[in-house]
Amino acid sequence: MTNKWIMRFHPNHTAGVRLVCFPHAGGSASYYHPLSVRFSGHADVVALQYPGRQDRRLEPCIDDLTVLADRVAEQLEQFEEKPTVFYGHSMGAILAFETACRLEQRDLRACQSLVTSGRRAPSTRRTETVHALDDDGVIAELQRLGGADLRMIDDELLRIAMPSIRADYRAIESYAPAADRTVSCPIVALTGDADPLTSIAENDAWRRHTDADFRSTVFPGGHFFITSNLAAVQHEIAREMAAVRLLAAL
């Protein structure tokens, strides 16, 4: 049966480990196609597809991160149990964290390691209002971060893309978690040394949100440092998948 939330570009249902990928604000499942190419030979690589984009473009966007986390958790709790790593970039990092929290509250060990990138810890605070800008202002912010240059997209595609981008920004910018919320799995926090949205200290603050092990890694680059450090980021993810698979075998 087709699940509109779940994309598997290279299905491997018999793999012994799973990688669940959470897109950034304005992003889609296809952003993680390179990770699927890299890992699908030995992992069940799942990329989430939020409503309001690509094949789900006619569906209403969800502009409340807590509601989005509820919906994602409902999808993932249906998966068969196997060693699993969550990976999320930017808004996706927070969504992965909130989803892991929900699954743990239901006594489901659906995530054995959480890898975050390009997003400060939930306990840190900044005032952000990108979602309230006009279209030109949102585009300027995407350009500042090194994201897609929407000025190169024709007007029809821009009208399709902008509602999901704005909804995602509203979701992450209105997110207000409890500062002491934690997960029981380890957290690996990745950041770029020139990311305007996340300082190294804010990245290290993820340490407060796990009752298990923590480590952070700083890469050269800005918000989308993963583009220029893809092999190194993939190495970090591979390391976590190997660790959770080994732990499950003990």
Just wondering, do L246 and V244 contact through their side chains at under 4.5 Å, heavy atoms?
no

Check for a donor-acceptor pair, side chain of Q112 on one end and backbone N or O of C185 on the other, with a separation under 3.5 Å.
no

Any R126 side-chain heavy atom under 4.5 Å of E202 side chain
yes

Connected via hydrophobic side-chain network under 4.5 Å: M241 and V115:
yes

Heavy-atom distance under 4.5 Å between the side chains of R8 and H13, does that happen here?
yes

Consider only side-chain heavy atoms of I, L, V, M, F, W and Y, link residues closer than 4.5 Å, and tell whether L197 and L95 are in one cluster.
no

Please name the pair of heavy atoms, one in A171 and one in S174, separated by the smallest distance, quoted to 0.1 Å.
O-OG, 3.4 Å

Does W5 have R56 sitting over its ring (NZ/CZ under 6.0 Å from centre, angle to axis within 45°)?
yes

Considering non-hydrogen atoms only, spot the tightest contact between A205 and A121 and give its length.
C-CB, 3.4 Å

Atom OH in Y169, atom OG in S164: separation rounded to 0.5 Å?
11.5 Å

Please walk me through it: do R71 and I62 pass side chain to side chain contact (heavy atoms under 4.5 Å, CB included)?
CA-CA 10 Å; R71 299 294 179 269; I62 298 176; 4.1 Å; yes

Just how far is it from atom CG of L19 to atom NE2 of H42, taken to the nearest 0.5 Å?
9.0 Å

Is the distance between the ring centroids of F86 and F22 under 6.0 Å?
yes

Side chain H209, main chain S123, donor-acceptor under 3.5 Å
yes

Taking atom types as modelled, find out whether D211 and S184 have a side-chain donor-acceptor pair closer than 3.5 angstrom.
no

Criterion side chain to side chain contact (heavy atoms under 4.5 Å, CB included) on I139 and M162, from CA distance to verdict:
CA-CA 9 Å; I139 292 169; M162 191 56 66; 3.9 Å; yes

Between G118 and H223, what is the shortest heavy-atom contact and its length?
O-CE1, 3.0 Å

Okay, side chain of T129, backbone of A132: is any donor-acceptor separation there less than 3.5 Å?
no

Separation of L108 CG from L103 CG (nearest 0.5 Å)
6.0 Å

Is a donor from one side chain sitting under 3.5 angstrom from an acceptor on the other, for Y87 and E240?
no

Look at the side chain of D193 and the backbone N and O of V218, then say whether any donor-acceptor pair between them is shorter than 3.5 Å.
no

Rounded to the nearest 0.5 Å, what separates atom OG1 in T191 from atom CZ in R120?
11.0 Å

Do the charged groups of R102 and E77 touch, with an N to O distance under 4.0 Å?
no

Can you tell me if Q49 uses its side chain to pair, donor with acceptor, with the backbone of A29 under 3.5 Å?
yes

Do V233 and S117 make a side-chain contact, defined as non-hydrogen atoms from C-beta onward lying under 4.5 Å apart?
no

Shortest non-hydrogen contact from N229 to P220?
ND2-O, 2.9 Å

Salt-bridge criterion met for R215 and E236 (N-O under 4.0 Å):
yes

Any side-chain donor near an acceptor of the partner, S28 and Q54, under 3.5 Å
yes

Can you get from I165 to I172 by hopping between Ile, Leu, Val, Met, Phe, Trp and Tyr side chains that sit under 4.5 Å apart?
no

Is there a donor-acceptor pair closer than 3.5 Å between any side-chain N or O of D134 and the backbone N or O of G137?
yes

Rounded to the nearest 0.5 Å, how far apart are CG of N203 and CG of L190?
7.5 Å

Before you tell me yes or no, could you show the steps for R119 and F97 under side chain to side chain contact (heavy atoms under 4.5 Å, CB included), namely the whole-Å CA-CA distance, both residues' side-chain angles and the distance that decides it to 0.1 Å?
CA-CA 11 Å; R119 181 67 193 183; F97 171 72; over 6 Å; no

Backbone N/O of H131 and side chain of R166: donor-acceptor pair under 3.5 Å:
yes

Residues E173, V130; criterion side chain to side chain contact (heavy atoms under 4.5 Å, CB included); working and verdict
CA-CA 8 Å; E173 291 177 346; V130 174; 3.1 Å; yes

Short side-chain to backbone donor-acceptor contact, T84 and K82, under 3.5 Å:
yes

Could you please spell out the steps behind the salt bridge (charged side-chain N to carboxylate O under 4.0 Å, His left out) verdict for R53 and E59?
CA-CA 8 Å; R53 64 216 69 207; E59 298 179 43; over 6 Å; no

What about V37 and I237, same hydrophobic cluster or not, with Ile/Leu/Val/Met/Phe/Trp/Tyr joined at side-chain heavy-atom distances under 4.5 Å?
no

F224 ring center near H89 ring center (under 6.0 Å)
yes

List the atom of Q234, the atom of F39, and the distance in Å for their closest heavy-atom pair.
O-CZ, 3.3 Å

Validation row: V20, V85 side chains within 4.5 angstrom (heavy atoms):
no

Check whether any side-chain heavy atom of T116 lies under 4.5 Å from a side-chain heavy atom of W206, and answer yes or no.
yes

If hydrophobic clusters are built from ILVMFWY residues whose side chains come within less than 4.5 Å, do L35 and L114 share one?
no

Quick check for you: to the nearest 0.5 Å, what is the distance between D168 atom CG and L68 atom CG?
7.5 Å

Count the heavy atoms belonging to other residues, nucleotides or ligands that lie under 6.0 Å from CG of D213, then report whether that count exceeds 12.
no

Heavy-atom closest pair (F9 atom, S30 atom, distance to 0.1 Å) is CZ-CA, 3.6 Å

Do I94 and P122 have side-chain heavy atoms sitting under 4.5 Å apart?
yes

Hey, are the side chains of T182 and T210 touching, using non-hydrogen atoms and a 4.5 Å cut-off?
no

Please determine whether a side-chain nitrogen of the Lys or Arg among D55 and K4 lies less than 4.0 Å from a carboxylate oxygen of the Asp or Glu.
no

